[in-house]
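Have a look at the structure below before the remarks.
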2 protein chains.
Amino acid sequence: MSSKKNKTSYVILGLLNEENLSGYEIKRIVDDRLSFFWNESFGQIYPELKRLTSEGLIAVSSADRPVYSKQSIKYEITEPGRLELQEWLKSPVEKELIRFEILLKLYFSNANSSDTMLEHVKEFQTSHLRQQQLFQQFEAQLKQNIDVHSNHRQILMVLSFGQKMWEAYAAWSEETLRLLEQNITAQEDDTDE
Amino acid sequence: MSSKKNKTSYVILGLLNEENLSGYEIKRIVDDRLSFFWNESFGQIYPELKRLTSEGLIAVSSADRPVYSKQSIKYEITEPGRLELQEWLKSPVEKELIRFEILLKLYFSNANSSDTMLEHVKEFQTSHLRQQQLFQQFEAQLKQNIDVHSNHRQILMVLSFGQKMWEAYAAWSEETLRLLEQNITAQEDDTDE
DNA sequence: TTAGGCATGTAACCCGTTACATGATTTG
DNA sequence: CAAATCATGTAACGGGTTACATGCCTAA
């Protein structure tokens with residue numbers, strides 16, 4: 001009911017809606033599966049778990065917490081929590097937040113710094129290629145045992161977004177590397193004269 | 001020298017490196033030309049201008065501040081400021097920051113909320129199409145009077161990134177809308193039986 | 001003359017990361 | 001048994017948005 005929560009709370013509610021999890025597990029799932037478009041830190045997750053518990057949107061799961069495994073605290077979503085999640089799903093999507101430092105640097109660079117930018121773009125290219133490959137494994141797994149009754153279809157749509165982004169990154173990297181190399185050769189010809 | 005400044009300071013230094021500007025003009029330029037991968041608010045710009053001035057990296061430009069136009073304060077970059085900018089250009093690029101709320105919602109949605117998601121994706125599609133068209137105008141302008149001696153080439157590389165992203169957004173939107181529509185029809189068939 | 005854009009600035013607040021602290025459990 | 005990983009949590013700090021306050025200037 002008391003809407004306008006921070007996004008971390010919805011990440012928690014969304015994940016708990018599927019299965020009972022501890023704070024640590026939530027962090028791992030976000031890192032493993034959502035990291036290409038989202039991230040959370042422990043410093044957000046743990047306090048938020050307490051807050052959501054005090055508000056009754058989630059609860060410590062006694063079923064998942066047998067005496068012999070004390071150190072991990074699993075949480076489960078409550079009915080009010082599910083309602084809150086559904087309401088958020090329907091609310092308007094906020095504009096995405098994007099900050100590409102590499103584009104900022106490129107924008108402020110000039111012909112003289114082409115060699116520096118070349119290195120930056122190369123790094124950009126390889127790091128994204130690595131990330132893309134990791135996600136392709138996950139995608140292949142999902143596609144094999146697709147379950148119509150869970151949200152596998154939705155997850156595939158999300159991964160498809162990532163896939164298209166990475167393709168765009170790759171195409172841009174190659175194009176830009178070519179252009180920067182041209183700049184460098186042109187520069188060298190200049191100084192030769 | 002005292003490195004590790006916030007990003008706002010480099011945006012300011014980068015823009016002042018091209019021409020003398022006021023805080024208000026800086027904000028407008030960021031909104032007009034960088035908004036697809038960066039943004040700044042007045043609450044960051046004005047205090048940062050003061051800080052950079054007190055550090056001697058920029059200075060109030062007396063030349064650009066004739067008595068008759070008092071209300072606008074133009075700043076110019078200093079030599080130490082240019083050095084600081086060059087150092088930052090060479091430093092490693094920080095990983096980009098991305099948060100797509102629409103993907104979060106899609107990830108946590110299920111077959112039952114396909115109609116809601118359909119609306120969200122439609123909104124996503126049109127808003128990006130609008131933005132893309134605005135930037136295509138700017139790009140066309142730039143390409144006509146390309147100046148080799150300023151950083152026009154670099155700006156075109158940045159715009160090409162945006163172009164490829166928007167193409168990816170468009171392709172994903174269409175693909176996803178089709179899939180969601182399929183979900184909805186399948187759902188209706190289900191309830192018909 | 002009044003509305004809208006130009007222009008600067010501050011304060012409150014929220015968000016988010018990082019560093020730190022602590023301890024249990026597992027594995028080589 | 002030592003190192004890595006699992007696990008929870010807090011505090012400090014810095015980043016960044018929003019709201020607010022103020023006033024000038026210009027064009028309908």
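These values consider heavy atoms only, across backbone and side chains, with no hydrogens, waters or symmetry-generated copies. In what follows, every chain begins at residue 1, and chains take the letters A, B, ... in the order their sequences are listed. The structure displayed is predicted, hence computed values, not measured ones.
Taking atom OH on B:Y10 and atom P on D:dG15, their separation rounds to 11 Å, with Å as the unit. Regarding A:I26, its CD1 atom lies at a distance of 15 Å from the C1' atom of D:dC6, rounded to whole Å. Here the C1' atom of nucleotide C:dC15 and the CG atom of A:L97 are 11 Å apart, to the nearest Å. The nearest whole Å value for the distance from the CD1 atom in B:I98 to the P atom in C:dG16 is 15 Å. Across the protein-nucleic acid pair, B:N6 atom CG and C:dT18 atom P stand 15 Å apart, rounded to whole Å. If you take CD of B:E94 and P of D:dG15, they are 10 Å apart, rounded to a whole angstrom. Nucleotide D:dT8 holds its P atom 16 Å from the CD atom of A:E40, rounded to whole Å. In this structure, B:I45 atom CD1 and D:dT18 atom C1' are separated by 14 Å, rounded to whole Å.
Ion pairing between A:E25 and A:K74 holds under the 4.0 Å rule for side-chain N and carboxylate O. Looking at B:E167 and B:K164, no side-chain N of the basic residue comes within less than 4.0 Å of a carboxylate O on the acidic one, giving no salt bridge. Ion pairing between B:E175 and B:R178 fails under the 4.0 Å rule for side-chain N and carboxylate O. Ion pair A:K90/A:E84 not flagged as a salt bridge, since none of the NZ, NE, NH1 or NH2 atoms sits closer than 4.0 Å to an Asp/Glu carboxylate oxygen.
Side-chain nitrogen and oxygen atoms of B:R99 include at least one within less than 4.0 Å of the OP1 or OP2 phosphate oxygen of C:dG16. Between B:Q44 and the phosphate of D:dT17, there is a side-chain N or O to OP1/OP2 separation shorter than 4.0 Å. Put simply, B:N39 has no side-chain N or O that comes within less than 4.0 Å of OP1 or OP2 on D:dG16.
For B:I12 against B:I45, the heavy-atom pair with the smallest separation is CD1-O, 4.1 Å.
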Pull out every protein N or O sitting under 3.5 Å from an N or O of nucleotides 7-10 of chain C, one pair per line with the distance.
| residue | atom | partner | partner atom | Å |
| --- | --- | --- | --- | --- |
| C:dA7 | O3' | B:Q71 | O | 3.4 |
| C:dT8 | OP1 | B:I73 | N | 2.9 |
| C:dT8 | OP2 | B:Y24 | N | 2.7 |
| C:dT8 | OP2 | B:Y46 | OH | 2.7 |
| C:dT8 | O5' | B:Y46 | OH | 3.3 |

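Using modelled atom types, one finds no donor on one side chain facing an acceptor on the other under 3.5 Å when comparing A:E48 with A:T8.
Residues B:F36 and A:I98 form no side-chain contact, since every pair of their non-hydrogen atoms from C-beta on lies 4.5 Å or further apart.
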